[in-house]
Amino acid sequence: MLESFSNDSFAIVAWLALFPVTYLAHITEEYWAGGGYSKYLLTNYSVELSPQRFLLLQGFGLFLMALGIVLGILLRFPLTMMAMLSSIVLGNAMVHSVRSINGRGYTPGLFTAVLLWLPLGAISLLVVWPLTSAGKFALALGVGVATNCVVEVITMRSRKGGMKDEG
């Protein structure tokens, strides 16, 4: 069954399309739920990130995700791209989970992270693992971890007294 998945271009493209679709759901929850992620960051971490800037950054992230999928398909590394995206969404689900546990409460984006991204990322990695070389799989995981680290650094650099958000 896995071998047929790796040879079925339509199945791979359809599976990859789940990532931006679920990202849109995640952005929507982060923007509106619980007062919004911008308010959550300001209240809990003194991070100034206006809702407009939040949407701009999330839009850029969505663009990069779509670009990665297109390049992965065109340059013939869709399974490696799937592993990269899986690692990214799993990392984001972990960040939301840890923040919610530590804060003993809801963080905007938690539901889509846990209900959509945790299963999508885990299942995708389990599917891709036997179809990808160890080196490509490790690279993909590293890209996912690095991406989550970069996002956290950018977010935390917006703390009051640090980089100011003028938007």
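Throughout, numbering of the chain's residues begins at 1 and tracks the sequence. All heavy atoms count here, side chains included; hydrogens, waters and symmetry mates do not.
Under a 4.5 Å side-chain heavy-atom cut-off, the cluster of Ile, Leu, Val, Met, Phe, Trp and Tyr residues that includes Val145 has no other member.
The hydrophobic clustering, which links ILVMFWY residues whose side-chain heavy atoms are closer than 4.5 Å, places Ile73 and Leu75 together. Under a hydrophobic-cluster definition in which Ile, Leu, Val, Met, Phe, Trp and Tyr are linked whenever side-chain heavy atoms come within less than 4.5 Å, directly or via other members, Val70 and Val13 are assigned to different clusters. Hydrophobic clustering, with ILVMFWY side chains joined whenever heavy atoms are under 4.5 angstrom apart, groups Leu131 together with Leu16. A single hydrophobic cluster is seen to contain both Leu79 and Leu139, as judged by linkage of ILVMFWY side chains at heavy-atom distances under 4.5 Å, directly or through other members. Trp15 and Leu67 fall within a single hydrophobic cluster, where Ile, Leu, Val, Met, Phe, Trp and Tyr side chains are chained together by heavy-atom contacts under 4.5 Å.
Distance check, rounded to the nearest 0.5 Å: CG of Leu62 to CG of Leu55 gives 11.5 Å. One finds the CG atom of Leu125 at 12.0 Å from the CE atom of Met84 (value rounded to the nearest 0.5 Å). Distance check, rounded to the nearest 0.5 Å: CD of Glu30 to OG1 of Thr107 gives 8.0 Å. Here the CE-NZ distance, from Met81 to Lys136, works out to 12.0 Å after rounding to the nearest 0.5 Å. Between atom CD of residue Glu48 and atom CZ of residue Arg53 there is a gap of 11.0 Å, rounded to the nearest 0.5 Å. For the atom pair Ile69 CD1 and Leu18 CG, the distance stands at 9.0 Å (nearest 0.5 Å).
Contact record, Ala113 with Ala93: O-CB, 3.4 Å, taken as the closest heavy-atom pair. Pairing each heavy atom of Gly144 with each of Ser87, the nearest pair is CA-OG, 3.2 Å. The minimum heavy-atom distance between Ala83 and Val128, with the atom names listed, is CB-CG1, 4.0 Å. The two residues Gly61 and Tyr23 come nearest to each other via the heavy atoms C-CE2, 3.5 Å. Shown here for Val114 and Pro119, the closest heavy-atom pair between the two residues is O-CD, 3.2 Å.
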Given the rule in the side-chain contact (heavy atoms from CB on, under 4.5 Å) test, do Val47 and Leu42 qualify, once you have shown the distances and angles that lead to the verdict?
-> CA-CA 5 Å; Val47 172; Leu42 182 61; over 6 Å; no

Given Leu120 and Leu116, is the side-chain contact (heavy atoms from CB on, under 4.5 Å) satisfied, shown in steps?
-> CA-CA 6 Å; Leu120 177 61; Leu116 297 177; 5.9 Å; no

Audit row: His26, Asn92, side-chain contact (heavy atoms from CB on, under 4.5 Å) steps and yes/no | CA-CA 10 Å; His26 187 66; Asn92 186 274; 3.1 Å; yes

side-chain contact (heavy atoms from CB on, under 4.5 Å) between Leu85 and Val89, worked out | CA-CA 6 Å; Leu85 294 175; Val89 300; 5.5 Å; no

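Listed by chain and residue number, Tyr37, Tyr45 satisfy the ring pair (Phe, Tyr, Trp, His ring centres under 6.0 Å) test with Tyr40 (two or more places apart in sequence, or in another chain).
Side chain of Thr112 to backbone of Gly109: a donor-acceptor contact under 3.5 angstrom is found. Without hydrogens or angle criteria, Ser100 side chain to His96 main chain gives a donor-acceptor distance under 3.5 Å.
Within the 4.5 Å cutoff, no side-chain heavy atoms of Ile88 are placed close to those of Trp117. For the pair Phe19/Ser86, a side-chain contact is recorded, criterion being any heavy-atom separation below 4.5 Å from C-beta on.
Residue pairs that meet the ring pair (Phe, Tyr, Trp, His ring centres under 6.0 Å) test with at least one member in residues 59-80, sequence neighbours left out, do not exist here.
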